[in-house]
Amino acid sequence: MLNLFTRRALQVIKGIPEGKVMTYGGVAALAGKPGGARQVSRLLHAMSEKYDLPWHRVINARGKISLKPSHGYELQKALLESEGIGFTRDDTIKLSIYLWDGVFREIIEEK
DNA sequence: CCACTGACTACTT
DNA sequence: CAAGTAGCCAGTG
């Protein structure tokens with residue numbers, strides 16, 4: 001059985017809507033373990049297929065794709081663009097626009 | 001059970 | 001800006 005943090009992290013990842021992204025650290029924080037970014041990366045690496053995760057919606061804290069070219073980078077970028085996410089000139093995603101902060105952000109912006 | 005690994009991050013040189 | 005480093009810690013074999 002998976003431990004609590006892992007299960008919550010998987011939930012968080014599955015909860016990222018189309019057209020939005022989250023950082024590894026962000027997912028870890030929402031799952032209850034700030035600083036657990038590395039575990040999140042590990043989860044995606046090892047379990048994205050088995051648990052059918054929208055793995056492409058998780059990027060690093062600088063707004064860039066962490067995968068290396070020819071090792072998923074292009075695929076991830078294509079998937080994100082197909083959801084309407086835009087990249088800047090140097091392949092950076094503007095977190096101020098696309099970052100999914102969960103329901104809290106939704107509520108704040110609805111006002 | 002133990003060691004290894006990892007798509008991270010913030011901070012310091 | 002680039003490079004190094006110390007935390008991070010659970011799935012996997």
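As the structure is a computational prediction, the values presented were derived from the model and not from experiment. Just so it is clear, the values below take in all heavy atoms, side chains as well, and ignore hydrogens, waters and symmetry mates. Chain identifiers are assigned alphabetically (A, B, ...) following the order of the sequence lines, protein sequences preceding nucleic acid strands; residue numbering begins at 1 within each chain.
Using a 4.5 Å heavy-atom cutoff, the side chains of Lys94(A) and Thr88(A) are in contact. With a 4.5 Å cut-off on side-chain heavy atoms, Lys20(A) and Leu99(A) do not count as touching. Proximity of His71(A) to Leu67(A): side-chain heavy atoms (C-beta onward) are nowhere separated by under 4.5 Å. Side-chain contact check for Lys77(A) versus Asp91(A): some heavy-atom pair is nearer than 4.5 Å.
Rounded to whole Å, atom P of dA7(B) lies 18 Å from atom CD1 of Ile93(A). In this structure, Met22(A) places its CE atom 15 Å from C1' of dA7(B), rounding to the nearest Å. Here dG6(B) presents its P atom at 17 Å from CG of Asn60(A), a figure rounded to the nearest Å. Here dT9(B) presents its P atom at 11 Å from CG of Leu44(A), a figure rounded to the nearest Å.
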key: Per-nucleotide protein contact string for nucleotides 6-13 of chain C, where B marks a base within reach and S marks sugar-phosphate only (heavy atoms under 4.0 Å, - for neither)   = -BBBBBS-

request  = Any chance you could lay out the side-chain contact (heavy atoms from CB on, under 4.5 Å) test for Leu79(A) and Arg57(A), step after step, and finish with the verdict?
outcome  = CA-CA 9 Å; Leu79(A) 287 170; Arg57(A) 304 210 261 255; over 6 Å; no

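Lys33(A) forms a cation-pi arrangement with Phe5(A), by the criterion of a distance under 6.0 Å to the ring centre and an angle within 45° of the ring axis.
For DNA chain B, the neighbouring residues in residues 65-86 of chain A, judged by any heavy atom under 4.0 Å, are Ser66(A), Leu67(A).
More than 12 heavy atoms of other residues, nucleotides or ligands shown are found within 6.0 angstrom of CD on Glu74(A). Residue Arg62(A) qualifies as open at atom CZ: its count of foreign heavy atoms under 6.0 Å is 12 or below.
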